[in-house]
2 protein chains.
Amino acid sequence: MDRTVIGEAGRISRPNLPLLLLKARESVIRPFRPIFNRYDLTEQQWRVLRLLADQTEVEQREVAEACQILGPSLAGILARLEEAGLVRRARAKADQRRVFVTLSAKGKRLIAEMAPLVDAEYQRLESALGGELMASLITVLDRLLELPAVTENGEAPT
Amino acid sequence: MDRTVIGEAGRISRPNLPLLLLKARESVIRPFRPIFNRYDLTEQQWRVLRLLADQTEVEQREVAEACQILGPSLAGILARLEEAGLVRRARAKADQRRVFVTLSAKGKRLIAEMAPLVDAEYQRLESALGGELMASLITVLDRLLELPAVTENGEAPT
DNA sequence: ATCTAATCGATAACATGTTATAGAATATCA
DNA sequence: TGATATTCTATAACATGTTATCGATTAGAT
């Protein structure tokens, strides 16, 4: 089954799944950006704060995993969030390598203020997509992520 | 219809479409990264080169649009690709604002060398997903991108 | 022809992504 | 126990993402 397709200008254009996913994500996230900007947060900072609002006492590595942010990026993000007084970091007593991250009172207030706006925008997104398309998206993406061949880290160890 | 779900540790976790798309894209692109690294290219640089291989004589703004790269990023990317001798830039005679971007001979050779590896990896991806899931993904993502409410730029003019 | 608005690319400033590496702490095992 | 490997965070170096702004150029309207 050849999915190759002739594009607008007669060029060959194979379906480009990574690019398609990039465009889809950009479309979905775009309307949220003004909200983040209004509160001087980046998209990534919001992702971290939102996680902490739901979980309380998360290890830094869990934050990285859950928010899909690499270690070196997260180090800076948390430093800035702490500098802004929104977050606190503390080394675990049991294992001095690990760091626990917590939302500060100020952070909680900020989340409480922003959450309704973000949730409302999400509602708008859901009604724009319709329940059926939304469900299809989630189902298909979950199926993709469940594939062992896709989940594997890829590079064989030396 | 409430899609709220209780996660592993009993926490509330709404479906987070942007995060889901991010994870999906990361999973899909991960196995390609070693190829890019082997040839000292970034993912974005490859995206640009591949576009130029198919099109010849593309305006810079079209590159930005097609590759989903913002102007300021693209300025640097093209400068580095030109510095590496892979690409050429030339102002359009008719409209001195516009810049045409072209693949150099060296760039064409590089693409010719890399394309088989990248294509093979894409084949592996397709067989890992299976034709059905691949088709569903493309269909659903295309439907998302066709929605006017999602395509609109969002912010109303002042 | 002129004035104004829109377009295109570049730059600045800062945040984040990516890879490699270092440092400290802990786990593993001989 | 002691040597070794592994884990977790931080830093460095560079590329890219994001927003704001500038400069040059062209398009549109008068």
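Residue numbers begin at 1 in each chain, while the letters A, B, ... track the order of the sequences.
Applying the 4.0 Å criterion to OP1 and OP2 of C:dT26, one finds that A:R97 has every side-chain N and O outside that range. Distances shorter than 4.0 Å separate none of the side-chain N or O atoms of A:Q96 from OP1 or OP2 on D:dT7. Residue A:R33 has a polar side-chain atom (N or O) positioned under 4.0 Å from OP1 or OP2 of D:dT18. Within the 4.0 Å cut-off from OP1 or OP2 of D:dC8, at least one side-chain nitrogen or oxygen of A:R98 is found. Applying the 4.0 Å criterion to OP1 and OP2 of C:dT19, one finds that B:N37 has a side-chain N or O inside that range. The phosphate of C:dA10 (OP1 or OP2) has a side-chain N or O of B:R89 nearer than 4.0 angstrom. Side-chain nitrogen and oxygen atoms of B:Q68 include none within less than 4.0 Å of the OP1 or OP2 phosphate oxygen of D:dG17. A close approach under 4.0 Å does occur between a side-chain nitrogen or oxygen of A:T42 and OP1 or OP2 of C:dT16.
Distance CG (A:L70) to P (D:dT16): 16 Å, rounded to an integer number of Å. Atom P of nucleotide D:dA13 and atom CG of B:D40 are separated by 18 Å, given to the nearest angstrom. Between the CD1 atom of A:I29 and the C1' atom of D:dT18 there is a distance of 13 Å, rounded to whole Å. Straight-line distance from the CZ atom of B:R91 to the P atom of C:dT7: 18 Å, rounded to whole Å. Look at CZ on A:R80: it is 17 Å from P on C:dA13, rounded to the nearest Å.
Across all strands, A:I69 comes closer than 4.0 Å only to sugar-phosphate atoms, never to a base (heavy-atom distances). Within 4.0 Å of A:A94, counting heavy atoms only, lie sugar-phosphate atoms of the nucleic acid but no base atom. Residue contacts for B:E59: at a heavy-atom cut-off of 4.0 Å it reaches no nucleic acid atom on any strand shown. If you check every strand for non-hydrogen atoms under 4.0 Å, B:S73 touches a base. At the heavy-atom level, B:I77 lies under 4.0 Å from the strands shown only through sugar-phosphate atoms. Among the heavy atoms of the strands lying under 4.0 Å from A:Q45 are primed sugar atoms or P, OP1, OP2 only; no base atom is included.
To the nearest 0.5 angstrom, A:W46 atom CH2 is 12.0 Å from A:T42 atom OG1. Rounding to the nearest 0.5 Å gives a distance of 10.5 Å between CG of A:L74 and CZ of A:R47.
Of the candidates C:dC8, C:dT19, C:dT16, C:dT16 carries the atom nearest the A:Q44 side chain, counting heavy atoms from C-beta on. Side chain of B:R61, nearest nucleotide from C:dG9, D:dT9, D:dT18: C:dG9.
Nearest-nucleotide positions on DNA chain C place A:L74 closer to the 5' end than the other of A:L74 and A:D95.
By the neighbour-count criterion of 12 heavy atoms within 6.0 Å, atom CD of A:E65 is sparsely surrounded, having that number or fewer from other residues, nucleotides or ligands.
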